[in-house]
Amino acid sequence: MVVEFKSGKIIITPHEVVIKFVGEHMITLQAQTDAIQLIGRGANVIAANGSETKWSIKLDNEAQLREVAAEMGCEVE
């Protein structure tokens, strides 16, 4: 599944989340779903925290975060 946001797109598979940013730098963030935390309550953040990974990104709105959560089959904290 692909969720679009103003800075790029989020690609969700059963095992990983990939975030691709638009622009000249072509930044890509990738993490296993086990390392992902979804933070709601107005923050609307996807955070990855694993043994070799640590990053976070703020989404445009809560609806996007809910779409990611539904596809991953997890809850928003």
Side-chain angles (χ1 to χ4, degrees):
M1 171 184 202
V2 177
V3 176
E4 304 263 344
F5 69 112
K6 69 180 177 184
S7 298
K9 60 185 171 183
I10 305 160
I11 303 161
I12 306 128
T13 70
H15 303 289
E16 71 180 356
V17 173
V18 177
I19 300 173
K20 294 187 174 220
F21 291 91
V22 295
E24 65 182 291
H25 301 294
M26 300 186 63
I27 299 166
T28 300
L29 304 175
Q30 182 176 355
Q32 300 295 315
T33 53
D34 294 345
I36 296 289
Q37 179 183 15
L38 304 177
I39 305 166
R41 297 184 300 269
N44 304 324
V45 170
I46 299 175
N49 192 0
S51 61
E52 298 177 16
T53 300
K54 188 165 188 142
W55 54 259
S56 64
I57 180 167
K58 181 170 177 52
L59 300 181
D60 303 332
N61 55 57
E62 188 175 347
Q64 293 166 333
L65 190 65
R66 297 272 174 214
E67 283 184 66
V68 172
E71 186 64 26
M72 287 177 59
C74 67
E75 297 291 320
V76 175
E77 297 179 14

Colleague: How long is the span from the OG1 atom in Thr28 to the NZ atom in Lys20, to the nearest 0.5 Å?
Modeller: 5.0 Å
Colleague: Which heavy-atom pair separates Val17 from Met72 by the least distance, and what is that distance?
Modeller: CG2-SD, 3.9 Å
Colleague: Does Phe21 belong to the same Ile/Leu/Val/Met/Phe/Trp/Tyr cluster as Leu65, with side-chain heavy atoms less than 4.5 Å apart forming each link?
Modeller: yes
Colleague: Measure the shortest side-chain to side-chain distance between Phe5 and Asn61 over non-hydrogen atoms and say whether it is less than 4.5 angstrom.
Modeller: no
Colleague: State, with a plain yes or no, whether a side-chain heavy atom of Val3 is found less than 4.5 Å away from one of Leu59.
Modeller: no
Colleague: Please check this pair: side chain of Gln64 against backbone of Glu4, looking for a donor-acceptor N/O pair closer than 3.5 Å.
Modeller: yes
Colleague: How far apart are the closest heavy atoms of Thr53 and Gln30, and which atoms are they?
Modeller: CG2-O, 4.5 Å
Colleague: For Ile11, what are the other residues in its hydrophobic cluster, where any two members join if their side-chain heavy atoms are less than 4.5 angstrom apart?
Modeller: Val2, Val18
Colleague: Hydrophobic clusters here meaning ILVMFWY residues chained together by side-chain heavy-atom distances under 4.5 Å, can you tell me if Ile19 and Val45 are in one?
Modeller: no
Colleague: Cluster question for you: counting only ILVMFWY and a side-chain heavy-atom cut-off of under 4.5 Å, with indirect links fine, are Val76 and Met1 together?
Modeller: yes
Colleague: Does some side-chain heavy atom of Asn44 sit less than 4.5 Å from a side-chain heavy atom of Asp60?
Modeller: no
Colleague: If you measure from CD on Glu75 to CZ on Arg66, what distance do you get to the nearest 0.5 Å?
Modeller: 8.0 Å
Colleague: Provide the closest heavy-atom pair for Leu38 versus Cys74 in the form atom of the first, atom of the second, distance.
Modeller: CD1-SG, 3.5 Å
Colleague: Taking everything shown except Lys58 itself, do over 12 heavy atoms lie less than 6.0 Å from its NZ?
Modeller: yes
Colleague: Transitively linked via ILVMFWY side-chain contacts under 4.5 Å: Ile46 with Ile27?
Modeller: yes
Colleague: Indicate, with yes or no, if Val68 and Ile57 share a hydrophobic cluster defined by side-chain heavy-atom contacts under 4.5 Å among Ile, Leu, Val, Met, Phe, Trp and Tyr.
Modeller: yes
